[in-house]
Q: 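Quick one: the structure is below, questions incoming.
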Amino acid sequence: MSVYRLNKLIRLAPNMTAARSTVAMQPQRHNTSHSAQAADTPGHTSFKTLAITTPKPFVFHVELHRPNKLNAINKQMWLEIKDCFEGLSTNPDCRAIVLSASGKHFTAGIDLSDMMNLGQQLSDTDDCARKGYILERVIKLYQDSISALEQCPKPVITAVHQACIGAGVDLITASDIRYCTQDAFFQVKEVEIGMAADVGTLQRLPKAIGSQSLARELCFTGRRFEASEAHSCGLVSRVFPDKESLVTGALALAEQIANKSPIAVQTTKANMVYSLEHTNQEGLDHIRWYNKLNLQSEDFAQAVAAQLTKDDKPIFAKL
């Protein structure tokens, strides 16, 4: 930042402080019922496999909710995950998301009974090309469901307890931050059912842990690995003693993120995701294009003024 711009902000700081005080006195929607905020998620009331709450202002808690089926992911859950995260992407009351699961396990992976139903559908035609078109549409739907977490501009924190198997690994590697309990375990199980993982693990796991060797070992063998190994290799960044402390910790982190400028946080995520697939220079060009606009935002001015004046935390407008 230039000295000229800093001096200008210092001169404006008293006015900014007064403006923030005015904003603070105005009614804020996030002070109303959190359940009312959850209702803003398109179609959430019809979700059968997800439970959505807003335990803190601007924080949404999404739970996989098929506990009697060990949260196995069936077609309906695939569809609802996609719809949920696409809805939260544009919800101005959402700035951070925690994804956890109800019941004994995080998820047992793909619902194999659903795969049997798909087999029945494929048996309706003898033509290989037509079978291929059916499978292509199904695989693309499941890929888009998982990618909805990565493409959501709001940070997604996954909180894993007990089993995270197969499609569960696809799901968590598409998130931004991963926490787990000390009794959690993980397994890229697809090779054990005679298929290659096809909805994200093979692409995202090596980047998440930073080791092609370990990623290939896990994917080729389908072996189970525990929370301690997941932590040491970087798949998860924190390990908690139990599920209650896990969810509490994830929600506390989400609240901390939600208190930051939504423009700053969402731009940061967009650039970090973009930079995974591009050169350093392309990543620098990308953030420069964003910041030539964002450095003119009220969020930037308010945050810098608050730092300079040691004033109360700024209140950022919805985005």
Side-chain angles (χ1 to χ4, degrees), residues 41-52 62-89 99-152 156 158 160-175 185-205 218-224:
T41 305
H44 99 279
T45 54
S46 63
F47 288 164
K48 305 295 186 185
T49 67
L50 304 177
I52 303 175
V62 179
E63 288 183 283
L64 307 182
H65 195 62
R66 295 186 76 210
N68 294 336
K69 299 292 186 180
L70 303 180
N71 294 314
I73 305 177
N74 62 359
K75 184 175 182 180
Q76 184 168 19
M77 186 181 281
W78 289 110
L79 290 167
E80 290 184 359
I81 289 171
K82 181 176 183 293
D83 290 345
C84 174
F85 281 89
E86 287 179 350
L88 292 176
S89 292
L99 175 63
S100 68
S102 60
K104 184 177 180 180
H105 295 286
F106 182 76
T107 179
I110 195 168
D111 190 329
L112 293 179
S113 64
D114 250 26
M115 298 299 290
M116 298 299 292
N117 294 335
L118 178 60
Q120 290 293 324
Q121 185 181 358
L122 292 173
S123 68
D124 290 341
T125 178
D126 293 327
D127 185 76
C128 291
R130 284 171 173 79
K131 291 178 189 285
Y133 272 92
I134 293 171
L135 285 169
E136 196 277 337
R137 287 192 289 266
V138 170
I139 295 169
K140 182 64 164 63
L141 169 64
Y142 293 177
Q143 289 176 341
D144 290 348
S145 175
I146 296 295
S147 293
L149 277 69
E150 184 176 73
Q151 292 168 2
C152 177
V156 180
T158 44
V160 178
H161 71 285
Q162 287 280 357
C164 179
I165 295 173
V169 179
D170 294 298
L171 189 64
I172 68 169
T173 53
S175 69
F185 61 93
F186 307 81
Q187 190 173 12
V188 184
K189 198 176 177 67
E190 282 81 353
V191 291
E192 291 200 353
I193 60 171
M195 63 173 288
D198 57 5
V199 293
T201 289
L202 302 186
Q203 294 71 38
R204 295 186 177 103
L205 181 62
L218 296 172
C219 294
F220 293 162
T221 64
R223 75 166 173 85
R224 164 177 164 160

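Predicted model only: the values in this text are computed from it and were never measured.
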Q: For Gln187, give me all partners under side chain to side chain donor-acceptor pair (under 3.5 Å), at least two apart in sequence or on another chain.
A: none

Q: Under the side chain to side chain contact (heavy atoms under 4.5 Å, CB included) rule, collect the residues that match up with Ser113, sequence neighbours excluded.
A: Asp111

Q: Quick one: does Asn71's side chain have a donor or acceptor within less than 3.5 Å of a partner on Ser102's backbone?
A: yes

Q: Give me the atom names and distance for the closest heavy-atom approach of Cys84 to Val62.
A: SG-CG2, 3.9 Å

Q: So, taking the atom named CE in Met77 and the one named OG1 in Thr107, what distance separates them when rounded to the nearest 0.5 Å?
A: 6.5 Å

Q: Determine the sole option in Lys82, Gln203, Arg204 for which the side-chain hydrogen bond (donor to acceptor under 3.5 Å, both in side chains) test with Ser147 is passed.
A: Arg204

Q: Which atom names give the shortest non-hydrogen contact between Phe106 and Leu64, and what distance separates them?
A: O-CD1, 3.6 Å

Q: For the residue pair Gly103 and Pro67, what are the closest heavy atoms and their distance?
A: CA-CB, 3.9 Å

Q: For the residue pair Cys219 and Val188, what are the closest heavy atoms and their distance?
A: SG-CG1, 4.0 Å

Q: Okay, side chain of Thr201, backbone of Asp170: is any donor-acceptor separation there less than 3.5 Å?
A: yes

Q: Among residues at least two apart in sequence or on other chains, which ones pass salt bridge (Lys or Arg N to Asp or Glu O under 4.0 Å) with Lys75?
A: none

Q: Would you say Leu118 and Leu135 make side-chain contact, with heavy atoms under 4.5 Å?
A: yes

Q: What residues form a side chain to side chain contact (heavy atoms under 4.5 Å, CB included) with Arg223, not counting sequence neighbours?
A: Leu214, Glu217, Leu218, Thr221, Phe225, Glu229

Q: Taking the side chain from Ser145 and the backbone from Leu141, do they hold a donor-acceptor pair closer than 3.5 Å?
A: no

Q: Tell me, with the steps shown, if Leu99 and Ile81 meet side chain to side chain contact (heavy atoms under 4.5 Å, CB included).
A: CA-CA 10 Å; Leu99 175 63; Ile81 289 171; over 6 Å; no

Q: Among all residues two or more places apart in sequence or in another chain, which pass the side chain to side chain donor-acceptor pair (under 3.5 Å) test with Gln143?
A: none

Q: Please identify each residue that fulfils side chain to side chain donor-acceptor pair (under 3.5 Å) with Glu192, with sequence neighbours left out.
A: Lys189

Q: Keeping to residues at least two apart or across chains, list the salt bridge (Lys or Arg N to Asp or Glu O under 4.0 Å) pairs with something in residues 133-142.
A: Lys140-Asp144

Q: Any donor-acceptor pair under 3.5 Å linking the side chain of Arg66 with the backbone of Thr49?
A: no

Q: By side chain to side chain donor-acceptor pair (under 3.5 Å), which residues pair with Ser175, not counting sequence neighbours?
A: Thr158

Q: Could you pull out all residues at least two apart from Asp198 that satisfy side chain to side chain contact (heavy atoms under 4.5 Å, CB included)?
A: Ile139, Met195

Q: Does anything in residues 110-144 form a ring pair (Phe, Tyr, Trp, His ring centres under 6.0 Å)? List the pairs, not counting sequence neighbours.
A: Trp78-Tyr142

Q: Identify the two heavy atoms, one from Ile146 and one from Ala174, that lie closest to each other, and give their separation to 0.1 Å.
A: O-CB, 3.5 Å

Q: Measuring from atom NZ of Lys104 to atom CD of Gln162, what distance do you get when rounded to the nearest 0.5 angstrom?
A: 6.5 Å

Q: Taking only residues two or more places apart in sequence, or in another chain, which ones meet Ala163 in a side chain to side chain contact (heavy atoms under 4.5 Å, CB included)?
A: His105, Ile165, Phe185

Q: Nearest heavy-atom pair of Ala167 and Ile73: which atoms, and what distance?
A: CB-CD1, 3.9 Å

Q: Does anything in residues 119-129 pair up under side-chain hydrogen bond (donor to acceptor under 3.5 Å, both in side chains), and if so which pairs, sequence neighbours excluded?
A: Asp127-Arg130

